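Structure first, commentary second.
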Amino acid sequence: MKNFNITLLPGDGVGPEVTRAAQEVLHAVAERFHCRFTFDSHLIGGAAIDATGEPLPAETVAACKRADAVFLGAVGGPKWDRGPRRPEQGLLELRRALGVFANIRPARVYDDLLDQSPLRRDIVADTDFVIFRELTGGSYFGEKQRTDTFASDQCLYTVGEIERIARAAFAAARARRGKLTSVDKANVLETSKLWREVVTRIHDADFRDVKLEHALVDSTAMQLIRQPRAYDVILTENMFGDILSDEASVLGGSIGLAPSASLGADRPGLFEPVHGSAPDIAGRDICNPIGAILSIALLLRYGLKQEDEASAVEAAVDTAIARGARTADLAGELGCQAMAETIADELLRAAPRASYAQMHWG
Ligand code: IPM
Ligand code: MG
């Protein structure tokens, strides 16, 4: 029997609740596909600061490196606003330690949830794109300075850093609808000028069959609302990707639905819902676990290379939504755990379906 070692990092706020939900679904996957998942759970973020003083204890990093894949719930919260170390530093250090430079954030709109979108149905219907966000460079990781009178965050990108994320995004576009929009601020920023040059060079050398367009980030923020269907793969740097992916996540009605995968050259990948720790609703069993559960689908697909299992989880989410299962963010009544159980039940009930994986990593 196949056995996979999964390191769980529940973190803060709703993190532990969605992590339990994710585990529930993996139990159902194990039962249906006759495989086994072995879990170990470790501290990160505010929970780690409270227990050890550090947002990312060395022991957590070691456990992640040993795992076949890592699942993270969420980090952060107002409780740690005044402390010397912030919970978010733990997540950033972990991304860096695992070398997960490619953050993949699919944005898909479910037909059954069109009424939940803040945008008109005719604008959002059939939206289906994926953001490739560079995750280990740019102003998040550049040199930082702070005095009483100034502060600075250096934004630095090397050619190599741009090349590797560009290749991953072009390969994904080739396996989807063949269009890539590279987003930058090349009318102002030096890093963006380099970004544009490198992306164009990679395209002309190896991906001429993919249609490449360059777009400015401010205009993209607008176009994402005006015509989200126009996008297939969006490729962008760390900070722009952070902002655009939150914007993209509400097209489908709730950020609670959005999953992400963070991948590097070698395993393990890091898989987490796009939403944050949502301290205002934490501990009440009302958050939406679907973003976490769809992150488990990405974990199965990209982290463990188990495509049938990944597609089955996605199909179970589709069916649960089609049958009307809704959490509070989607004007429904189901709690977090009940939603996870509903999806796990669908997984066990459903006959295997044709896979609808549209992305390749490579
Ligand atoms: C995200 C989050 C993180 C980021 C925070 C929590 C550091 O917003 O994953 O999008 O900015 O990358
Ligand atoms: Mg973000």
Side-chain angles (χ1 to χ4, degrees), residues 9-16 18-19 22 43-49 54-56 60-61 64 70-81 83 85-107 129-142 144 153-155 157 161 165 183 217 220-221 224 234-252 254-264 269-282 287-288 291-292 294-296 298-299 302:
L9 308 175
D12 309 319
V14 296
V18 299
T19 303
L43 293 168
I44 193 168
I49 293 175
E54 292 292 323
L56 184 67
T60 296
V61 178
C64 291
V70 181
F71 176 88
L72 180 132
V75 293
K79 178 177 172 196
W80 300 280
D81 276 352
R85 313 270 340 250
R86 289 193 63 95
E88 289 82 356
Q89 285 172 328
L91 176 55
L92 299 181
E93 284 169 24
L94 180 64
R95 289 172 177 170
R96 195 66 164 200
L98 295 177
V100 288
F101 61 86
N103 181 227
I104 304 176
R105 297 189 163 179
F129 62 86
V130 45
I131 297 178
F132 272 67
R133 167 188 176 194
E134 200 292 325
L135 199 62
T136 51
S139 53
Y140 274 61
F141 293 97
K144 293 182 188 299
D153 302 274
Q154 182 192 39
C155 182
Y157 269 108
E161 284 173 325
I165 181 79
V183 176
V217 63
T220 304
L224 268 182
I234 292 176
L235 163 65
T236 193
E237 62 95 63
N238 203 345
M239 173 76 90
F240 298 159
D242 179 44
I243 298 167
L244 292 181
S245 63
D246 264 35
E247 186 186 0
S249 74
V250 290
L251 297 174
S254 169
I255 194 171
L257 296 165
S260 86
S262 303
L263 307 177
L270 173 63
F271 302 85
E272 45 173 319
V274 172
H275 65 70
S277 61
D280 50 327
I281 58 165
C287 65
N288 190 343
L294 291 175
S295 300
I296 287 295
L298 300 181
L299 180 153
Y302 299 120

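Every number for a ligand or one of its atoms is a count from 1 in the order of the listing. These numbers were taken from a predicted model, which means no experiment stands behind them.
Within the model, atoms CZ of Arg95 and CG of Leu72 stand 8.5 Å from one another, a figure rounded to the nearest 0.5 Å. In this structure, the separation between CG on Leu298 and CZ on Phe71 is 10.5 Å, given to the nearest 0.5 Å. Taking CD of Glu237 as the start and CD1 of Ile165 as the end, the distance is 11.0 Å to the nearest 0.5 Å. Interatomic distance, CG of Asp242 versus CZ of Arg133, reported as 4.0 Å (0.5 Å rounding).
Not a single heavy atom of Gln89 sits under 4.0 Å from any atom of ligand 1.
By heavy-atom distance, the residue among Asp242, Asp246, Asn238, Ile243 lying nearest atom 10 (O) of ligand 1 is Asp242. Counting heavy atoms only, Arg95 comes closest to atom 9 (O) of ligand 1 of the residues Arg95, Arg86, Glu272, Glu88.
Taking 4.5 Å as the limit, some side-chain heavy atom of Pro273 sits within range of a side-chain heavy atom of Ser295. Side-chain contact check for Tyr157 versus Glu134: some heavy-atom pair is nearer than 4.5 Å.
Residue, atom and distance of the protein heavy atom nearest to atom 11 (O) of ligand 1 are Tyr140 OH, 2.6 Å. The nearest protein atom to atom 1 (C) of ligand 1, hydrogens excluded, is given as Arg105 NH2, 3.4 Å; this is a heavy-atom distance.
Inclusion of Asp242 in the first shell of the Mg ion (ligand 2) is supported: an N, O or S atom falls under 2.8 Å.
Taking every non-hydrogen atom of Arg133 and a distance limit under 4.0 Å, the qualifying atoms of ligand 1 come out as 1 (C), 4 (C), 9 (O), 10 (O), 11 (O), 12 (O).
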